[in-house]
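Read the numbers this way: they start at 1 and go in the same order the structure lists the ligands and their atoms.
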Amino acid sequence: MLAKESAGGKPTPIRVALLGCGTVGTEVVRLLTDQAGDLAARIGAPIELAGIAVRRPNKHREVPEHLLTTDASALVKSDDVDVVVEVIGGIDPTRGLLLEALHNGKSVVTANKALLAEHGSDLFEAADGSGADLYFEAAVAGAIPLLRPLRESLAGDRITRVMGIVNGTTNFILSAMDATGAGYAETLEEASRLGYAEADPTADVDGFDAASKAAILASLAFHTRVTAADVYREGIRQVSAADIAAAKGLGRTVKLLAICERVVSPSGQESVAVRVHPAMIPRTHPLASVNGAFNAVFVEADAAGEMMFYGQGAGGAPTASAVLGDLVAVARNKVASGRGPRESAYAALPAQPMGNTPTRYHISLDVADKAGVLSQVAAVFAEHDVSIAAVRQEGRTEDASLVIVTHAATDAALRSTVDKVGGLPVVRDVVSVMRVEGEE
Ligand code: HSE
């Protein structure tokens, strides 16, 4: 079907409301302006900005001033708007604005991971009710085309695992700790000074940002509604210089990973395990060479095998690239009077609690160097049915460093093992405990 034509025989423009005009919003406006001709040719109709909702209209921005408004609510309700692009972030008032837009049949392009991870199903229901589109490529891993491959390109396959680095701030900090041997606090300070960490870094360093992204990835990969509350989350505040040194000693490095897995029980019951935590990975693993503020995500599917997606996970222009890609898709759908993919949550797999999830641990202990110590430590592992994969001991004068890497066991069994080992009189200190990923 061809684009609707206005009276003059030209295609009717697609009118866009932009909510938010910070770093990403400004880049969206710039790309829309600079590439107007190409975008119109690709879509079959021109894109026009109907308005830009901002909180502080007097702040200097490189955007047409006459488009600015503080009344976001009126803008999304306007009959003059076909598509709403949201780059404000946060849950309120954004949630109400996007629901209003969708209820009124206006398609939405959003970069809002927190909103999607908490209220994605409400947004999808509103979109279904009016036949509108909901696209959100920029919500996870910035510029990297990842959600569309999961939602569309791999829709014929069975995805088993998605594992990646989806937070640039924490990756920058961990990469720097690995390079310099410095501790967490001083590296965070340096990251803030260089502008790589926000003034309030909580969402990043405590893993909330990565957990929202993991929920979105798991929902798409496993056709199941997964919210941020279903995601087990540990941030990087507890990662010490000793952890990094222990990892290095074993040819590994530490990364904050988002891991979404399809778990199949011995009886064939499937569930979904989604977690965010620091983990040691081999330095030879492709994710180990993802340094600084970059993101990378590994996807494993039955037929396709392993795939890796890599690129810039944040920043104005990279994020705007993903927003524009979605805007073109939504506009093309509109021109063709069609719709993009709807929510696919038919599988409705249960969420696996972290305690039941199989993981592997690296444990580094300072122990007394005398007869029988190793057997006492090993006995605790055996008691908890945790199988040891590797042990390395280095003697000193009166004590020794004992490094143990386990085979996979439930996280609950591994935690109990560490608690009990830490209480043994022959164990002077538990120097480092960290999960191990990317091998076996
Ligand atoms: N704060 C995020 C990061 C970018 O550090 O990767 C936005 O999701």
- request: Quick one: list whatever passes ring-ring contact (aromatic ring centres under 6.0 Å, His included) with Phe298, sequence neighbours left out.
  value: His285
Using modelled atom types and a 3.5 Å cut-off, is there a donor and acceptor pairing between side-chain atoms of [X] and backbone atoms of [Y]?
X	Y	value
Asn167	Leu256	no
Arg151	Pro341	yes
Lys106	Val83	no
Ser175	Gly292	yes

query: How would you list, by chain and number, the residues with a heavy atom under 4.0 angstrom from ligand 1?
result: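 Answer by chain and number: Lys113, Asn167, Gly168, Thr169, Asp204, Asp209, Lys213, Ala314.
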- prompt: Below 4.5 Å, heavy atoms only, C-beta onward: do Leu414 and His384 meet side chain to side chain?
  reply: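 No, every pair of side-chain atoms sits at 4.5 Å or beyond.
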